[in-house]
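Just follow the structure's listing: the first ligand is 1, and inside any ligand the first atom is 1.
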Amino acid sequence: MLAAPHAMELDRTFHVDFRHRVHFTRDALHGDNATLSTVLADSSDRRAIAFIDAEVHAAHPALGDRLANYLGERTRMGERVPDLKRVEIVAGGETAKNSLGVCEQVLTATDRHGIDRKSFVIAIGGGAVLDAVGLGATLAHRGVRLVRMPTTTLAMDDAAMGVKNGINQFGKKNFVGTFAPPWAVVADECFLPTLTDQHFHAGFSEAVKIACLRDPALFDQIERDAPAIVARDLAVAMPVIMRSAKLHLDHITQSGDPFELNEARPLDFGHWAAHKLESMSNYTIPHGEAVSIGIALDCEYAVRVGVLARSDATRINACLRSLSLPTWHPLLAETDQLARGLEEFREHLGGQLTITLLRSIGSSVEAHQMDHAIVAASARALAPIR
Ligand SMILES: NC(=O)c1ccc[n+]([C@@H]2O[C@H](COP(=O)([O-])OP(=O)(O)OC[C@H]3O[C@@H](n4cnc5c(N)ncnc54)[C@H](O)[C@@H]3O)[C@@H](O)[C@H]2O)c1
Ligand SMILES: [Zn+2]
């Protein structure tokens, strides 16, 4: 048979190199601290706009002025840091992700202040604000430079390390989003003292998660240090946060699948139920607490299907509770609705369902189906005895 005239087939594989730079520091906006100015120095356009989480702004009302003063001072010192064109306050918490509002705010300011791809969007806030502002920054001009300044334990030990941005839509967590590594992350522990106890503790579920997946020594450390973490002793809490951040970053940058093209998503251990519980509760359960419940549920399930030793599940459950984290919620009783979370989780990634289950503290396996009756029995088993 003759080939069709002008037919052509092209098939290329290509690679793009990314960098992901993370700095943990103290008092980032102090005049002597060069971390942020070094991150921002490589700017030919020299413009920046900043977005501050409303609750961070309430707790640190001088923050916008401090950022402007810091950049002004570094400019006077002869550094090529950007001019700060605008500081805006954005809705804090999951509200930031429950509409397009924050994203539109970023797009509008980007247009109004002549922000181009070599300019900077600085996002200061919890994981939700980083996700929503980040989405706006990756959409404007198909991506302007995003500097994340995480202000919660969870944003520091996990969310800011991610290469994902997103918001919730159609009652589904992170339904709209993009993959894009940030220009840099600058984490400043000085933000943490103003967090509520609930949100301070919530961030440690992600540290327990990554310890369970990758680092038994970190698990031992968290187990031992839980009382000091709960008491908010930063000398004890920060090493755990930083170790967790490093493990997340290492996985994302070195596991070979940063943009989740494969079906396995080990960093989302405990997350299928967590995401569903968040949306079932109308986002009143904080992400970190939902992850704690999700971990407890999947550990109980893993015991019941013979994958995980009961002693390990008991240890993990006790560790979560010693961090003042919940391991149960009344919504777990809504088993039909909860089980729909499995299909939503699969649908988000495509392909066959792939759930990470623990085999022991430090190692995991992939499961491609979850027995709904065993999920329901596991949920019932977690309920407190009355
Ligand atoms: N992109 C990713 O890879 C990734 C990874 C993990 C989690 N996340 C997302 O992160 C979000 C959770 O982040 P979170 O736990 O930081 O919660 P959050 O952003 O909802 O913040 C918790 C609360 O604390 C307030 N707050 C933040 N910093 C404060 C401070 N220093 N002082 C006083 N109040 C402060 C916020 O306004 C909010 O009300 C979820 O939406 C989750 O899906 C994203
Ligand atoms: Zn998470």
What is the nearest protein non-hydrogen atom to [atom], stated with its residue, atom name and distance?
atom	result
atom 22 (C) of ligand 1	H199 CD2, 3.4 Å
atom 1 (N) of ligand 1	D131 OD1, 2.8 Å
atom 28 (N) of ligand 1	T151 OG1, 2.7 Å
atom 16 (O) of ligand 1	T152 OG1, 2.6 Å
atom 29 (C) of ligand 1	V56 CG2, 3.5 Å
atom 32 (N) of ligand 1	T194 OG1, 2.7 Å
atom 5 (C) of ligand 1	A159 CA, 3.4 Å
atom 15 (O) of ligand 1	L154 CB, 3.3 Å

Q.
Is it the case that the ring center of H271 lies less than 6.0 angstrom away from the ring center of H348?
A. no
(Q) Taking the six-membered ring for Trp, are F345 and H275 closer than 6.0 Å centroid to centroid? (A) no
Q: Could you tell me whether K173 and E94 have a side-chain N and a carboxylate O separated by less than 4.0 Å?
A: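 A salt bridge is present here (some side-chain N lies under 4.0 Å from a carboxylate O).
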Q. Is E334 paired with R340 through a side-chain N to carboxylate O contact shorter than 4.0 Å?
A. no
Q | contact_flag K173 ligand 1 heavy-atom lt 4.0 Å | A |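 The answer is yes, since K173 has a heavy atom less than 4.0 Å from ligand 1.
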Q: Look at the aromatic rings of F175 and F170 and report parallel, tilted or perpendicular, splitting at 30° and 60°.
A: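 Correct class here is perpendicular.
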Would you give me the side-chain donor-acceptor pairs under 3.5 Å for residues 52-59, sequence neighbours excluded?
unit_1, atom_1, unit_2, atom_2, d
D53, OD1, E55, N, 3.0
D53, OD2, G126, N, 3.2

**Q.** Nearby protein N/O/S atoms (those under 2.8 Å) for the Zn ion (ligand 2), with water ignored
**A.**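 Near the Zn ion (ligand 2), the protein supplies E206 OE2, H271 NE2, H287 NE2.
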(Q) Using every non-hydrogen atom in the two residues, find where R148 and P182 come nearest and quote the distance to one decimal. (A)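 So the two residues come closest at NH1-CG, 3.6 Å.
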Q.
Just to be sure I'm reading this right: ignoring hydrogens, which of A128, P193, P150 gets closest to atom 11 (C) of ligand 1? Compare them by their nearest heavy atoms.
A. A128
Q: Could you tell me which atoms of ligand 1, counted from 1 in the order shown, lie closer than 4.0 angstrom to a heavy atom of G127?
A: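 Counting atoms of ligand 1 from 1, those under 4.0 Å from G127 are 10 (O), 11 (C), 13 (O), 14 (P), 16 (O), 19 (O).
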